[in-house]
*Asks:* 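Dropping a structure here in structure tokens format, bear with me for questions.
Reminder, nothing fancy here: chain letters follow the sequence lines and each chain counts from 1.
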Amino acid sequence: MSTVPDASWLAERLIPWYREHARDLPWRRDPTPYRVLLSEVMLQQTRVDTVLPYFERFLARWPTLEDLAAAPDEDVLAAWAGLGYYSRARRLLATARAASALGGLPDTVEELRALPGIGPYTAGAIASIAFGRAAPLVDGNVERVICRVDRRTEDPRKEGRAGVWARVAALHEASEPADPSALNQGLMELGATLCTPRSPSCDRCPWTECCLAGAEAESLPRKERKPPPREVRLVSVVVRGPRGVLLVRRPTEGLFGGLWEPPCGVVSDGDVDAWGVGRTERAGQLVHVLTHRRLVVDVVRAERLDDLPDSWCAYEERAWVEDLDAIAVSELARRIIATADGEGTRRGGRRR
DNA sequence: AAGCCGGGGAT
DNA sequence: ATCCCAGGCTT
């Protein structure tokens with residue numbers, strides 16, 4: 001039975017490595033509580049390169065926690081458009097408002113966890129990075145790094161979860177001199193830049209001499225395979241008028257919650273011509289893949305829109321929109337509109 | 001414990 | 001095609 005690598009050795013190797021190799025990221029230059037909160041929420045399930053422009057845009061528009069707390073929901077959701085997981089935008093606002101009412105973000109994991117929108121990861125991130133507290137933190141990168149260095153074979157999302165958190169906590173306890181921010185960010189940086197899911201760069205890793213995974217690194221961590229997304233067939237009706245395109249607002253909860261889009265419904269009984277839309281013309285089809293669903297959308301141009309089938313989403317508001325950047329519009333909705341405009345179905349139509 | 005929630009880059 | 005990313009909330 002082999003023992004796991006020594007915690008103090010790991011910490012003492014990782015922290016200097018991080019200080020030398022840390023990428024120069026905007027939220028690292030001045031890690032105030034607000035900047036850390038903003039970056040961490042944006043980075044949930046989202047890559048650094050995707051977040052960068054959003055982070056700068058948010059910070060320019062709402063420079064302080066209080067500014068964000070005072071912002072209308074609509075403005076924040078519109079600024080979030082394209083980042084995905086839109087409930088994050090509402091949670092971020094809830095966090096900002098609750099923290100602002102307290103006079104600022106608290107500096108302990110317990111108090112942070114009590115705020116809406118702050119889970120175990122984000123609480124650890126703010127406590128360690130913004131306040132220098134020795135709080136553990138586990139994200140996808142840390143899971144991978146820890147499972148490999150210890151050769152842990154349990155699923156880190158299930159039975160192995162507690163062990164990974166305990167191991168990171170042990171690293172903090174063993175780290176001397178302590179630098180909780182560098183330790184946590186070093187774990188994540190290692191996972192993001194060297195200890196990658198495939199083709200890890202073990203030759204450059206500060207832990208390579210003691211890593212128990214060795215040549216098996218690529219097979220760790222062992223996670224359960226997720227089922228392929230379920231296919232959903234939709235039809236979307238794009239109506240152009242003198243004041244722009246007709247958009248409707250989705251319910252606050254659920255998929256694309258609170259966002260605007262051309263009326264879009266699950267195909268049930270076929271012909272849209274039956275539903276008070278005037279002359280229609282099929283513009284094309286696009287496929288939009290999400291984590292849990294594969295959306296196949298038939299895009300139809302129509303002359304007007306008198307009413308909607310009851311089977312469609314319960315839309316409450318309508319608006320004629322000319323500037324898609326001024327309102328909360330998903331990438332899917334942009335692609336639908338682009339398809340109706342004859343721009344094909346390629347991605348990447350967003351530019352600000 | 002399991003399901004839900006976007007979008008995109010890397011391989 | 002497949003994986004998975006600086007996760008949290010609801011049921």
*Asks:* Identify whether the distance between the nearest side-chain nitrogen and carboxylate oxygen of A:E189 and A:R28 falls below 4.0 Å.
*Replies:* yes
*Asks:* Please report, rounded to the nearest Å, how far the C1' atom of C:dT2 is from the NZ atom of A:K223.
*Replies:* 14 Å
*Asks:* If you measure from the P atom in C:dT10 to the same atom in B:dG6, how many Å do you get, rounded?
*Replies:* 15 Å
*Asks:* Any base atoms under 4.0 Å from A:R294, or only sugar-phosphate, or nothing? Heavy atoms, all strands.
*Replies:* nothing
*Asks:* Would you mind telling me which of B:dG7, C:dA6, C:dC9 lies closest to the side-chain atoms of A:D139?
*Replies:* C:dA6
*Asks:* Would you classify A:P228 as touching base, sugar-phosphate or nothing, given that sugar-phosphate means primed atoms plus P, OP1 and OP2, and contacts are heavy atoms under 4.0 Å?
*Replies:* nothing
*Asks:* Measuring to OP1 and OP2 of C:dA6, would you say a side-chain N or O of A:R47 lies under 4.0 angstrom away?
*Replies:* no
*Asks:* Measure from the side-chain heavy atoms of A:Y121 and tell me the nearest of C:dG7, C:dT2, B:dG6.
*Replies:* C:dG7
*Asks:* Check every strand shown and say whether A:T122 touches a base, only sugar-phosphate, or nothing at a heavy-atom separation below 4.0 Å.
*Replies:* sugar-phosphate
*Asks:* Could you state the CH2-P distance from A:W80 to B:dG7, rounded to the nearest angstrom?
*Replies:* 13 Å
*Asks:* Does the B:dC5 base have a donor-acceptor partner in the side chain of A:H292 within less than 3.5 Å?
*Replies:* yes
*Asks:* Hey, which of these two, A:P221 or A:G119, hits DNA chain C nearer its 5' end, going by closest nucleotide?
*Replies:* A:P221
*Asks:* Check whether any side-chain N or O of A:R294 sits under 3.5 Å from a backbone N or O of A:L290 as a donor-acceptor pair, and report yes or no.
*Replies:* no
*Asks:* Testing the 3.5 Å rule here: is there a donor-acceptor pair between the side chains of A:H288 and A:R335?
*Replies:* yes
*Asks:* When all nucleic acid strands are considered with a 4.0 Å heavy-atom cut-off, which category describes A:S330: base, sugar-phosphate, or nothing?
*Replies:* sugar-phosphate
*Asks:* Rounded off to whole Å, could you give me the CG-to-P distance for the A:L332 and B:dC5 pair?
*Replies:* 14 Å
*Asks:* Suppose you measure atom C1' in C:dA6 against the same atom in B:dG3; what distance do you get, rounded to whole Å?
*Replies:* 22 Å
*Asks:* Mapping A:R230 and A:L259 to their closest nucleotides on DNA chain B, which lands nearer the 5' end?
*Replies:* A:R230
*Asks:* Base, sugar-phosphate, or nothing: which does A:G257 touch, judged by heavy atoms less than 4.0 Å apart?
*Replies:* nothing
*Asks:* For A:L83, report the nucleic acid contact type (base, sugar-phosphate, nothing); a contact means any heavy atom under 4.0 Å.
*Replies:* base
*Asks:* OP1 or OP2 of C:dC5 sitting under 4.0 Å from any side-chain N/O of A:R144?
*Replies:* yes
*Asks:* For residues 110-119 of chain A, which side-chain donor-acceptor pairs fall under 3.5 Å, sequence neighbours excluded?
*Replies:*
from, atom 1, to, atom 2, distance (Å)
A:E111, OE1, A:T108, OG1, 2.8
A:R113, NH1, A:I118, O, 2.9

*Asks:* B:dG7 P sits how many Å from A:D49 CG, rounded?
*Replies:* 18 Å
*Asks:* Tell me the side chain to side chain donor-acceptor pair (under 3.5 Å) pairs involving residues 119-137 of chain A, sequence neighbours left out?
*Replies:* A:E40-A:Y121, A:Q44-A:T122, A:D107-A:R133, A:S128-A:N184
*Asks:* B:dG6 base to A:T46 side chain: any donor-acceptor pair below 3.5 Å?
*Replies:* yes
*Asks:* Between A:H288 (NE2) and B:dG6 (C1'), how many Å, whole number?
*Replies:* 6 Å
*Asks:* If each of A:F256 and A:S199 is mapped to the nucleotide of DNA chain B with the nearest heavy atom, which maps nearer the 5' terminus, i.e. the 5' end?
*Replies:* A:F256
*Asks:* Nearest to the side chain of A:R293, heavy atoms from C-beta on, is which of C:dG7, B:dC5, C:dC5?
*Replies:* B:dC5
*Asks:* May I ask you to list the residues sharing a hydrophobic cluster with A:Y85, side-chain cutoff 4.5 Å, ordered by chain and number?
*Replies:* none
*Asks:* Do A:T50 and B:dG7 share a donor-acceptor pair, side chain to base, under 3.5 Å?
*Replies:* no
*Asks:* Yes or no on side-chain contact (heavy atoms from CB on, under 4.5 Å) for A:V168 and A:L137, after CA distance, side-chain angles and deciding distance?
*Replies:* CA-CA 7 Å; A:V168 177; A:L137 133 184; 5.6 Å; no
*Asks:* Could you tell me how far apart A:E224 (CD) and B:dA2 (P) are, to the nearest whole angstrom?
*Replies:* 7 Å
*Asks:* Would you mind reading off the distance between A:E253 atom CD and B:dG3 atom C1', rounded to a whole angstrom?
*Replies:* 15 Å
*Asks:* Does C:dG7 have OP1 or OP2 sitting under 4.0 Å from an N or O in the side chain of A:Q45?
*Replies:* yes
*Asks:* Tell me which residues in residues 85-109 of chain A lie within less than 4.0 Å of DNA chain B, going by non-hydrogen atoms.
*Replies:* A:Y85, A:Y86
*Asks:* Of the listed nucleotides (C:dG8, B:dG6, C:dA6), which one gets closest to any side-chain atom of A:T291?
*Replies:* B:dG6
*Asks:* Within this structure, what is the CD-to-P distance between A:E261 and B:dG7, rounded to whole angstrom?
*Replies:* 11 Å
*Asks:* For A:E74, what residues pass the side chain to side chain contact (heavy atoms under 4.5 Å, CB included) criterion, not counting sequence neighbours?
*Replies:* A:R249, A:W260
*Asks:* Is there a donor-acceptor pair closer than 3.5 Å between any side-chain N or O of A:W207 and the backbone N or O of A:L10?
*Replies:* yes
*Asks:* Look at the side chain of A:R23 and decide which nucleotide, out of C:dA6, B:dG7, B:dG6, has an atom nearest to it.
*Replies:* C:dA6
*Asks:* Name all pairs fulfilling the side chain to side chain donor-acceptor pair (under 3.5 Å) condition that reach into residues 94-104 of chain A, sequence neighbours left out, sorted by first residue then second.
*Replies:* A:D73-A:R97
*Asks:* Both A:E40 and A:L115 contact DNA chain C. Which one's nearest nucleotide lies toward the 5' end?
*Replies:* A:E40
